[in-house]
A.B. asks: 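Right, I'll just put the structure down here and ask away after.
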Amino acid sequence: IVTRLALLEKGLTAFPKHPGLLSLKQELTKEKLMKQHEVKEKLTQQRQIEELLKTAQQQLIALRLKEPAGDNAYETYQQILNLATDHQEANAGFIKIANEYERLARIKQDDPQKNLALIDKGLKVLPNHAGLLALRQTFTQPPTWPKASDKSCDLFWLLICVIITG
């Protein structure tokens, strides 16, 4: 655009009142201003995303994963996706949140209801998270005891199996 405008100015120097050149200059000037505005908007959006990524990282560290409302990593990553629909770091952020819920559920083994609640929160963020799905299964299925006929049953378990199964 800048080169075309410079050439146009040369033409207008020779023909200052030429209607076609004047009209073209007006169009190119408008186009130049629009491009400058687009670049400025993109830079502003980029800065905003960078700030949101920093905020989300702080929220993850503080374990504000999905709560409190208005100040959590999940909502912050969603804000980023509203600005840039296919933002890789924001999508990776959802994986980090789900991983954190899995880690917390594995740490707190004393209360199965709390574990299931943590697992369910993580699955709401990422429904197909393999670790959370597997962990959920361990909390919802009753334990299975090896049978005496199982080859994996060592002597200790064989004794337990014999006592249990009779």
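Quick caveat: nothing in here was measured; it's all calculated off a predicted structure. The chain is numbered in sequence order, starting from 1.
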A.B. asks: How far apart are the closest heavy atoms of A98 and H129, and which atoms are they?
C.D. replies: CB-CD2, 3.4 Å
A.B. asks: State the CD-CG distance between Q57 and L52, to the nearest 0.5 angstrom.
C.D. replies: 13.5 Å
A.B. asks: Could you give me the CA-CA distance, side-chain angles and deciding distance for L118 and L132, then say whether side-chain contact (heavy atoms from CB on, under 4.5 Å) is met?
C.D. replies: CA-CA 9 Å; L118 289 167; L132 287 167; over 6 Å; no
A.B. asks: Under a 4.5 Å side-chain heavy-atom rule over Ile, Leu, Val, Met, Phe, Trp and Tyr, are L28 and M34 clustered together?
C.D. replies: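 Per the 4.5 Å side-chain linkage, L28 and M34 are not co-clustered.
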A.B. asks: Does this structure show an ion pair linking E100 with K96, if we count only N-O contacts that are shorter than 4.0 Å?
C.D. replies: no
A.B. asks: Does any part of the side chain of R103, heavy atoms only, come nearer than 4.5 Å to the side chain of I107, both counted from C-beta?
C.D. replies: yes
A.B. asks: Does the E75 side chain pair with the main chain of G70, one donor and one acceptor, at a distance under 3.5 Å?
C.D. replies: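 Such a contact is found between E75 side chain and G70 backbone.
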A.B. asks: Would you compute the distance between atom CG of N128 and atom CG of L123 and round it to the nearest 0.5 angstrom?
C.D. replies: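 The CG atom of L123 is 9.0 Å from CG of N128, to the nearest 0.5 Å.
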A.B. asks: Count the heavy atoms of every other residue, nucleotide or ligand shown that sit under 6.0 Å from CZ of F15, and state whether that count exceeds 12.
C.D. replies: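 Incorrect, the count does not exceed 12.
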A.B. asks: Can you measure from NZ (K66) to CG (N72) and round to the nearest 0.5 angstrom?
C.D. replies: 8.0 Å
A.B. asks: Is there a side-chain contact between Q113 and L116 in this structure, where contact means two heavy atoms from C-beta onward sitting under 4.5 Å apart?
C.D. replies: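 They are in contact (side-chain heavy atoms under 4.5 Å apart), so the answer is yes.
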A.B. asks: Report yes or no: does T140 contribute a side-chain atom to a donor-acceptor pair with the main-chain N or O of R136 at less than 3.5 Å?
C.D. replies: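 Yes; judged by distance alone, with no hydrogens or angles, the pair exists.
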A.B. asks: Check this for me: D111, atom CG, are more than 12 non-hydrogen atoms of other residues, nucleotides or ligands nearer than 6.0 Å?
C.D. replies: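 More than 12 within 6.0 Å, yes.
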A.B. asks: Answer whether the closest heavy-atom distance between the side chains of Q79 and I49 falls below 4.5 Å.
C.D. replies: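 With C-beta onward as the side chain, the pair stays apart.
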A.B. asks: Roughly how far apart are T55 OG1 and R64 CZ, rounded to 0.5 Å?
C.D. replies: 9.0 Å
A.B. asks: Report yes if the side chains of K35 and K30 come closer than 4.5 Å at any heavy-atom pair, otherwise no.
C.D. replies: no
A.B. asks: Starting at CD1 of I80, measure out to CD of E51 and round the result to the nearest 0.5 Å.
C.D. replies: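 Between atom CD1 of I80 and atom CD of E51 there are 10.5 Å.
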A.B. asks: Would L63 and L104 satisfy side-chain contact (heavy atoms from CB on, under 4.5 Å), going step by step from the backbone distance to the final call?
C.D. replies: CA-CA 10 Å; L63 296 179; L104 291 170; 4.3 Å; yes
A.B. asks: Below 4.5 Å, heavy atoms only, C-beta onward: do I97 and L126 meet side chain to side chain?
C.D. replies: no
A.B. asks: Could you check if a side-chain atom of I119 sits within less than 4.5 angstrom of a side-chain atom of Y101, using non-hydrogen atoms only?
C.D. replies: no
A.B. asks: Hey, does the side chain of S23 reach the backbone of P19 with a donor-acceptor pair shorter than 3.5 angstrom?
C.D. replies: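 No; judged by distance alone, with no hydrogens or angles, the pair does not exist.
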A.B. asks: For A105, is there any backbone N or O sitting under 3.5 Å from a side-chain donor or acceptor partner on N115?
C.D. replies: yes
A.B. asks: Which heavy atom of L53 sits nearest to which heavy atom of Y77, and what is that distance?
C.D. replies: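 Closest heavy-atom pair between L53 and Y77: CD2-CE2, 4.2 Å.
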A.B. asks: Side-chain contact, heavy-atom cut-off 4.5 Å: Y74 with L65?
C.D. replies: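 They are not in side-chain contact.
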A.B. asks: For E50 and K54, run salt bridge (Lys or Arg N to Asp or Glu O under 4.0 Å): C-alpha distance rounded to whole Å, both residues' side-chain angles, the deciding distance at 0.1 Å, then the answer.
C.D. replies: CA-CA 6 Å; E50 287 171 10; K54 287 178 191 175; 5.9 Å; no
A.B. asks: Is the shortest side-chain heavy-atom distance between L81 and N91 below 4.5 Å?
C.D. replies: yes
A.B. asks: Which heavy atom of A56 sits nearest to which heavy atom of A73, and what is that distance?
C.D. replies: O-CB, 3.9 Å
